[in-house]
Amino acid sequence: MGRRACWVAGVLCLAALSAGVLPAVGALPAADEEGNQDESLESKTLSAEDQVKDHSTGTRVVAGQIFLESGKSDSQSENEENFHSQEEEKENSLEELNSLEMSNLLNKDLEEAEVQSPVLTAIGGTADGEPCHFPFLFMEKEYAECTADGREDGRLWCATTYDYKKDQKWGFCESEEQSNKRRQMQEAEDVYQIGMKILNESSKKAQKKVAYQYLLKAADMNHTKAMEKVSYALLFGDYLKQNIQTSKELFEKLTEEGSPKGQMALGFLYASGLGVNSSQAKALVYYTFGALGGNLIAHMILGYRYWAGIGVLQSCESALTHYRLVANHVASDISLTGGTVVQRIRLADEVENPGMASGMLEEDLIQYYQFLAEKGDVQAQVGLGQLHLHGGRGVEQNHQRAFEYFNQAANAGNSHAMAFLGKMYSEGSDVVPQSNETALQYFKKAADMGNPVGQSGLGMAYLYGRGVPVNYELALKYFQKAAEQGWVDGQLQLGSMYYNGIGVKKDYKQALKYFNLASQGGHILAFYNLAQMHATGTGVMRSCHTAVELFKNVCERGRWSERLMTAYNSYKDGDSNSAVVQYLLLAEQGYEVAQSNAAFILDQKEASIVGENETYPRALLHWNRAASQGYTVARIKLGDYHFYGFGTDVDYETAFIHYRLASEQQHSAQAMFNLGYMHEKGLGIKQDIHLAKRFYDMAAEASPDAQVPVFLALCKLGVIYSLQYIREINIREVFSHIDMDQLLGPEWDLYLMTIIALLLGTIIAYRQRQHQAIPRPAGLRPAVPQQEPPPEHQPPQ
């Protein structure tokens, strides 16, 4: 068939359907997730076909996500309708021929598959060496494959003729060694499944530890997935005692078996020098093999390395390839509810500014809101519902609790709660069954009350035909209403409609406008769509650098970002070793906050797994990476390390450069103060008191907190300046040019003598008073007669 309009996830797209060709990029296949954070951190495997697809051509939008497909330029799109009309004329005549050819090809492929299928040969029994016959009849039942029925030892066998009872011709399908190995692996699989069931169904730490004991047992039986789980648990100290050496041995074993997770993890160990001698070359090799095996974290690490030029030549296009592949997967996972919230907490900011809010909610505050919600406070119910729906701020994601709070608030007439109930029913989950009809009812109620979330949900229903007939005009109308109130979903869907020309004339400028607005609200798919537009030059000038930064932002919203909170909790619980390893892996993935937090823990020398002589050099490395991503404190730390010689030689010139960068790019008051001090002392720069004063004044203007230290520094600078001025002038020469008669009059000497006499008299009087105030010994003190109080102070008679 020719090219034609098609529907994917309810959004109009143009797909190349001729000869069975699929669109170049659609939603990547869902990764094998086991419903818990540890698994999501490890590997998501992509097929080789997905990895080699050409991502450089045209685009389409699916559920608010722009995906790439067969290329066409803007000029080509203008003639698209003419091309379609010509192709449609041929479609009917070719359809029957194509279907017949495909049927013949399919039959031919099936015949070849039958010919090439391996023939099993019986081992031992009564028909050793004869081919197994499938199907065969045993106990009045036909078997199309080997079976263990009728045997107590569970060993697989087959018959070599159709009727076993009649001919008694049989043999084993496997050797005794193979049979033992198969039974052992089956037992390991059973143990693994028990452990995973406990792990997924329980939220209690004690139960999760029990689950890992089962996984540990399965790993000892060489179960690959169990070894992957256990190796990461040992690396991070999750529910098992941290043991980097044992985890390294497991990773090496997994790598020998070709596990992409093991390859990626071994690359991380060589990159960070944990349990092995650091080798960036080996790390790059293992990361590359992990990425070729489809490991998304390995792709993300390689994307960051090519973007920053770490261990490889800097290449924006290579970084774009890796980041885009991961971003496709992350974008395909985004649901209507938006997914979990990424909580980024900087340890350095918490310590240096203890009063600053970290974004985390205290347990007492959560309990207070729960109390208000129980008393019927609608705002508290809606707030807690959103917290539990998305997770974050110290609250775990819990759809059951979210549904309960939204239900209470909706019953009280809150439009926001109604809209979010609509989203939950529209999306569906283990707690809330998917129901377009129920979702539509809630969306309509909320939209009638002017709620933008309800309006956006109603627009989605009309756009995708969920519970109502498809109506682009109504969809556009409701999306516009939601967008006017600043709701990001409405802005995103408006951008998608303008991008695809659905219900409106195709307009890339309008699409770009609404995608930008949605990105300002933090919508992941808006970042993704903008990245695709900049990567392909659609509606904007192509910019690889901008596309990579946007794709990187999307990648950092993946499920592995949950490890940021796990690492923070480990640090707060006093387990710095576990925290630093988790931050180091996230730092490899390019998370700036993880780089700065890892550097902070190393700087404080709180991680015992890192040698004392290695802490400052490693901290310097991660401060440098964080500073290159624009973190001001990291840039100042680089200046401090070079100023004091921490992890490197003392280098005032380099320290000055870092302070100047922090001052010019981030307007840091601390950097300005340090520059003033270096100008004052002449460290790394020529001494200049005037420039020192200028930087001190700039620091005071930049931050109110800097005003007191700046005042003291300026006082000191004034004294230094005065002394320097006095040293530079000749006192005798100055006095020789002064005419006292002209300055003070002819009797200036009398005035001077009078002033001196007054000063002398004052000093003598002061000394005498001091002498009288000296106490005498107790034995020589005269008795002082007690006087009666004045009449006005006497008590009444």
May I ask you to decide if Glu427's main-chain N or O and Gln434's side chain share a donor-acceptor pair within less than 3.5 Å? no
What I want to check is whether the side chains of Tyr641 and Asp603 have a donor and an acceptor closer together than 3.5 Å. yes
Begin with the C-alpha distance, continue with both residues' side-chain angles, and end with the deciding distance and a verdict on salt bridge (charged side-chain N to carboxylate O under 4.0 Å, His left out) for Asp333 and Arg557. CA-CA 11 Å; Asp333 270 352; Arg557 308 289 187 92; over 6 Å; no
The complete set of salt bridge (Lys or Arg N to Asp or Glu O under 4.0 Å) pairs with one or both residues in residues 243-260, sequence neighbours excluded, reads Lys248-Glu252
Going from CD on Glu592 to NZ on Lys552, what distance comes out if it is rounded to the nearest 0.5 angstrom? 8.0 Å
Quick one: are Gln263 and Val285 in side-chain contact, heavy atoms under 4.5 Å? no
Which pairs, with at least one residue in residues 301-320 and sequence neighbours excluded, count as a side chain to side chain donor-acceptor pair (under 3.5 Å)? Gln280-Arg305, Tyr304-Gln595, Arg305-Glu588, Ser315-Ser318, Glu317-Arg542
For Met565, does its backbone N or O pair with a side-chain atom of Asn569 as donor and acceptor, under 3.5 Å? yes
Is any side-chain heavy atom of Asp238 closer than 4.5 Å to one of Arg563? yes
Under a 3.5 Å distance rule, please check whether Ser202 uses its side chain to pair with a backbone N or O of Ile198 as donor and acceptor. no
Walk me through it: do Phe268 and Leu274 pass the test side chain to side chain contact (heavy atoms under 4.5 Å, CB included)? CA-CA 8 Å; Phe268 163 65; Leu274 295 173; 4.0 Å; yes
Give me the atom names and distance for the closest heavy-atom approach of Ala226 to Ala219. CB-N, 3.6 Å
Non-hydrogen side-chain atoms of His223 and Val191 separated by less than 4.5 Å: no
Validate the cation-pi geometry between Arg346 and Tyr631: distance from NZ or CZ to the six-membered ring centre under 6.0 Å, angle to the ring axis within 45°. yes
Do any N or O atoms from the side chain of Ser578 and from the backbone of Phe236 form a donor-acceptor pair under 3.5 angstrom? yes
Is the His322 ring parallel, tilted or perpendicular to the His299 ring (thresholds 30°, 60°)? tilted
For residues Arg324 and Asn328, is any side-chain donor paired with an opposing acceptor at under 3.5 Å? no
What I'd like to find out is whether the side chain of Leu199 reaches to under 4.5 Å of the side chain of Lys229, using heavy atoms alone. yes
Step-by-step side chain to side chain contact (heavy atoms under 4.5 Å, CB included) determination, Met300 to Tyr323: CA-CA 6 Å; Met300 193 171 170; Tyr323 271 131; 4.1 Å; yes
Are the side chain of Asp575 and the backbone N or O of Ser570 linked by a donor-acceptor pair below 3.5 Å? no
Can you tell me if Tyr616 has over 12 outside heavy atoms packed within less than 6.0 Å of its OH? yes
Please work out whether the ring planes of Tyr571 and Phe600 are parallel, tilted or perpendicular, with thresholds of 30° and 60°. perpendicular
Looking at side-chain heavy atoms only, is the closest gap between Asn577 and Val581 below 4.5 Å? no
Please state whether the rings of Tyr425 and Phe403 are parallel, tilted or perpendicular, taking 30° and 60° as the class boundaries. perpendicular
Out of curiosity, Asn529 CG to Ile524 CD1, how far, rounded to the nearest 0.5 Å? 12.0 Å
Determine whether the side chains of Thr566 and Gln582 contain a donor N or O and an acceptor N or O closer than 3.5 Å. no
Does a donor on one side chain sit under 3.5 Å from an acceptor on the other, for Gln532 and Tyr528? yes
Evaluate side chain to side chain contact (heavy atoms under 4.5 Å, CB included) for Phe646 paired with Leu620, printing each intermediate quantity in order. CA-CA 8 Å; Phe646 293 158; Leu620 179 65; over 6 Å; no
If you define the side chain from C-beta out and look only at heavy atoms, does anything of Tyr405 sit under 4.5 Å from Leu387? no
Heavy-atom side-chain proximity of Tyr192 to Thr224 below 4.5 angstrom: no
When you measure from the side chain of His329 to the backbone N and O of Leu325, does any donor-acceptor pair fall under 3.5 Å? no
With a 6.0 Å cut-off (strictly less than), is the heavy-atom count around CG of Asp573, excluding the residue itself, greater than 12? yes
Would you name the heavy atoms of Glu556 and Tyr591 that are closest together and state the gap between them? O-OH, 3.1 Å
Which heavy atom of Tyr287 sits nearest a heavy atom of Ala298, and at what distance? O-CB, 3.6 Å
Within this structure, what is the CG-CG distance for the pair Asn222 and Leu254, rounded to the nearest 0.5 Å? 10.0 Å
Quick check: does any side chain N or O of Ser247 sit under 3.5 Å from a backbone N or O of Ile244, one acting as donor and the other as acceptor? yes
Could you check whether any side-chain heavy atom of Lys225 comes within less than 4.5 Å of a side-chain heavy atom of Glu228, counting everything from C-beta outward? yes
Over all atoms of both residues, closest heavy-atom pair of Leu584 and Ala598: CD2-CB, 3.9 Å
With the threshold set at 4.0 Å, does a side-chain nitrogen-carboxylate oxygen contact exist between Glu177 and Lys181? no
More than 12 heavy atoms from other groups under 6.0 Å of CZ on Phe289: no
Which residue, Tyr232, Tyr270, Tyr286, forms the ring pair (Phe, Tyr, Trp, His ring centres under 6.0 Å) with Phe251? Tyr232
Kindly determine whether Leu302 and Val312 satisfy side chain to side chain contact (heavy atoms under 4.5 Å, CB included), including the steps that lead there. CA-CA 9 Å; Leu302 287 175; Val312 292; over 6 Å; no
Interatomic distance, Asn597 atom CG to Arg344 atom CZ [nearest 0.5 angstrom]: 11.5 Å
Inter-residue atom distance Ser519.OG - Asn553.CG, 0.5 Å rounding: 9.0 Å
Say you draw a straight line from CG of Leu235 to CD of Gln242; how long is it, rounded to the nearest 0.5 Å? 7.0 Å
Closest approach of Ala587 to His622 (non-hydrogen atoms, all atoms of both residues): CB-CD2, 4.0 Å
More than 12 heavy atoms of other groups within 6.0 Å of Asp153 CG: yes
So which heavy atom on Ile297 is nearest to which on Asn295, and how close? N-OD1, 3.1 Å
Assess, by modelled atom type and distance only, whether the side chains of Glu176 and Asn180 contain a donor and an acceptor separated by less than 3.5 Å. no
